[in-house]
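Notes follow once the structure below has been shown.
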Amino acid sequence: MKTDGRIKALFADEPCNTGRQTEIDIVKTILIFDLVFCHCFLTCCSDERLSTGLPYFMDTIWGGPLGAPGFMMAMGVGMIYTVHSTPR
């Protein structure tokens with residue numbers, strides 16, 4: 001099965017994304033504030049309080065699988081699409 005021509009047609013030869021991605025910057029900003037709130041809940045609440053309600057949501061659901069991994073994903077995408085891709 002020869003598909004080289006069809007696959008090459010999917011990708012552009014010149015860079016197509018040359019500016020900042022405002023959406024990714026907004027996501028990173030929201031996640032930074034949410035991670036601060038998550039750490040405040042962890043610091044200010046007792047262990048019993050972290051098992052129910054809003055502290056439980058911030059610690060277990062938002063802070064765990066959504067907060068830090070989401071921020072790292074946004075940082076990775078931002079690094080891929082950066083204009084300044086050299087150390088200088």
Side-chain angles (χ1 to χ4, degrees):
M1 215 163 111
K2 195 84 165 150
T3 60
D4 291 337
R6 287 187 287 171
I7 292 176
K8 287 183 181 180
L10 293 174
F11 299 103
D13 293 333
E14 65 277 344
C16 58
N17 191 2
T18 58
R20 283 191 70 92
Q21 298 297 311
T22 308
E23 300 86 3
I24 295 173
D25 291 337
I26 291 170
V27 167
K28 286 189 284 189
T29 304
I30 291 170
L31 287 173
I32 285 172
F33 283 116
D34 286 337
L35 289 172
V36 168
F37 286 129
C38 183
H39 283 91
C40 288
F41 273 103
L42 287 172
T43 303
C44 297
C45 292
S46 63
D47 288 339
E48 298 85 31
R49 184 76 175 109
L50 284 174
S51 62
T52 60
L54 186 60
Y56 172 78
F57 175 77
M58 290 299 288
D59 176 37
T60 307
I61 297 171
W62 188 256
L66 296 176
F71 180 74
M72 288 300 177
M73 179 80 86
M75 287 296 294
V77 170
M79 282 188 226
I80 294 294
Y81 287 129
T82 186
V83 176
H84 308 290
S85 60
T86 62
R88 220 165 227 271

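This structure is a prediction, so every number in the text was calculated from the model and none was measured. All residue numbers in this chain count up from 1 along the given sequence. As a basis for the values below, the full set of heavy atoms in this structure was taken, side chains included, without hydrogen atoms, waters or symmetry mates.
For residues 66-78, no pair satisfies side chain to side chain donor-acceptor pair (under 3.5 Å), with sequence neighbours left out. Residue pairs meeting the salt bridge (Lys or Arg N to Asp or Glu O under 4.0 Å) criterion with at least one member in residues 65-76, sequence neighbours excluded, do not occur.
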Do any side-chain atoms of residues 26-41 form donor-acceptor pairs under 3.5 angstrom with protein atoms, and if so which ones, sequence neighbours left out?
unit_1: T29; atom_1: OG1; unit_2: D25; atom_2: O; d: 2.9
unit_1: D34; atom_1: OD2; unit_2: W62; atom_2: NE1; d: 3.3
unit_1: H39; atom_1: ND1; unit_2: L35; atom_2: O; d: 2.8

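One distance of note links CE of M73 with CG of L66; it measures 11.5 Å at 0.5 Å rounding.
T52 meets the side-chain contact (heavy atoms from CB on, under 4.5 Å) test with R49; sequence neighbours excluded. Listed by chain and number, the residues in a side chain to side chain donor-acceptor pair (under 3.5 Å) with E23 amount to none (sequence neighbours excluded). Here T43 pairs with nothing under the side chain to side chain donor-acceptor pair (under 3.5 Å) rule; sequence neighbours left out.
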